[in-house]
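Heads up: the structure comes next, in structure tokens.
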There are 2 protein chains.
Amino acid sequence: MPKPTTFGQFLRESREAKVATDRTFSLRKVADRVGIEPSYLSKIERDEQPPPGEGVIRLLAQDLSEDPDVLLALAGKVSSDLLAIIRTRPRLFADLIRQLKNMPDHAVLRLVREVRDGSW
Amino acid sequence: MPKPTTFGQFLRESREAKVATDRTFSLRKVADRVGIEPSYLSKIERDEQPPPGEGVIRLLAQDLSEDPDVLLALAGKVSSDLLAIIRTRPRLFADLIRQLKNMPDHAVLRLVREVRDGSW
DNA sequence: CACGGTGTGTAGTAGTTACTACACACTTTG
DNA sequence: CAAAGTGTGTAGTAACTACTACACACCGTG
């Protein structure tokens with residue numbers, strides 16, 4: 001277990017890295033842009049509150065230029081568009097994902113590329 | 001849109017098919033085995049109530065010999081073990097799944113087999 | 001005709017999710 | 001030194017999730 005980073009920690013670190021060179025990344029400014037209460041964001045960043053909903057997470061990801069899927073994962077969630085895809089063919093995707101569970105990254109990555117390039 | 005079957009419809013049909021030849025598949029008996037109130041199951045089968053939680057869905061699937069992933073999908077959910085797998089490598093799985101979104105069944109299936117057989 | 005078994009109607013609820021509103025104290029800036 | 005901006009503490013809540021408890025009416029069987 002190398003990095004058990006929490007959602008809050010990740011957010012705070014990402015934001016503080018940016019606020020160092022860009023004052024528009026104060027907690028309040030970000031909260032305002034994203035449309036939530038500053039106190040709410042404060043508690044989230046300190047992991048005092050559970051992560052927000054998917055919509056807010058997406059807005060935060062965009063504002064902080066982070067990957068939405070990574071942020072969602074840290075929040076213990078999975079993007080709703082992925083869920084929708086899986087639900088259209090549950091058996092197929094369930095089988096595939098369970099089989100890839102223990103495959104090394106590079107193997108899965110190769111699969112992704114093969115599919116993308118249509119070289120199969 | 002050929003079959004917009006609902007979770008409740010599916011359950012009821014599956015159960016009624018079985019009760020025809022096996023009296024132990026009455027609504028009450030199933031509810032008892034699964035550990036929920038008969039009235040609750042009744043409402044679920046008539047789609048008067050939203051589908052139950054994952055745990056109950058799994059028990060129903062087992063009792064009715066149905067595929068849990070299919071039942072979960074009909075309930076608008078995705079198995080929590082799949083979610084856990086995806087969350088360990090969000091970018092990887094997100095990419096893969098989004099790319100497979102529009103692939104035909106047989107193509108995805110081939111992928112599943114290739115991975116399973118380790119023939120790659 | 002009582003009695004076990006059938007499905008269903010009504011009412012209620014504890015717990016979780018996803019937040020808001022406002023006040024406060026401190027710090028920097030003009 | 002006032003004003004603007006900073007993060008945080010306290011309190012509250014509307015909507016949803018996932019159910020339970022119980023009563024009722026019906027229906028076939030012994």
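Just so you know, these numbers use all the heavy atoms, side chains as well, and skip hydrogens, waters and symmetry mates. The sequence lines fix the lettering, A, B, ..., with proteins before strands; numbering per chain opens at 1.
- Salt bridge A:D81/B:R98: present, at least one basic N to carboxylate O contact under 4.0 Å.
- Set against C:dC19, D:dC22, D:dT6, the side chain of A:P52 has C:dC19 as its closest nucleotide.
- Rounded to an integer number of Å, the gap from OH of A:Y40 to C1' of D:dT10 is 16 Å.
- The CD1-C1' distance, from B:I44 to C:dT8, rounds to 14 Å in whole Å.
- A donor-acceptor pair is defined here as one N or O able to donate and one able to accept, closer than 3.5 Å; no such pair exists between the side chain of B:R15 and the backbone of B:E45.
- For C:dG7, neither phosphate oxygen OP1 nor OP2 lies less than 4.0 angstrom from any side-chain nitrogen or oxygen of B:S42.
- The listed nucleotides are C:dC19, D:dC19, C:dT8; the one nearest the side chain of A:V56 is C:dC19.
- One can place CG of B:D32 at 13 Å from C1' of C:dG7, the figure rounded to the nearest angstrom.
- Phosphate contact (OP1/OP2 of D:dG7, side-chain N/O of A:R15, threshold under 4.0 Å): present.
- Taking 4.0 angstrom as the limit, A:R46 places a side-chain polar atom (N or O) nearer than this to OP1 or OP2 of D:dG9.
- The interatomic distance linking B:L41 (CG) with C:dG7 (C1') rounds to 10 Å, in whole Å.
- Rounded to an integer number of Å, the gap from CD of A:Q49 to P of C:dC19 is 11 Å.
- Nucleotide D:dC27 holds its C1' atom 13 Å from the CZ atom of B:R28, rounded to whole Å.
- When the side chains of ILVMFWY residues are joined at heavy-atom separations under 4.5 Å, either directly or via intervening members, A:I57 and A:L82 end up in two distinct hydrophobic clusters.
- Looking at which nucleotide of DNA chain C each of B:K43 and B:R23 is closest to, the 5′-most match is held by B:R23.
- Of all nucleotides listed (C:dC22, C:dG7, D:dG7), C:dC22 comes nearest to the side chain of A:E37.
- Side-chain atoms of A:K77 lie closest to C:dA18 of the nucleotides C:dG7, C:dC19, C:dA18.
- The backbone N or O of B:L11 sits nowhere less than 3.5 Å from a side-chain atom of B:S14 that would complete a donor-acceptor pair.
- Neither OP1 nor OP2 of C:dT20 sits under 4.0 Å from any side-chain N or O of A:S39.
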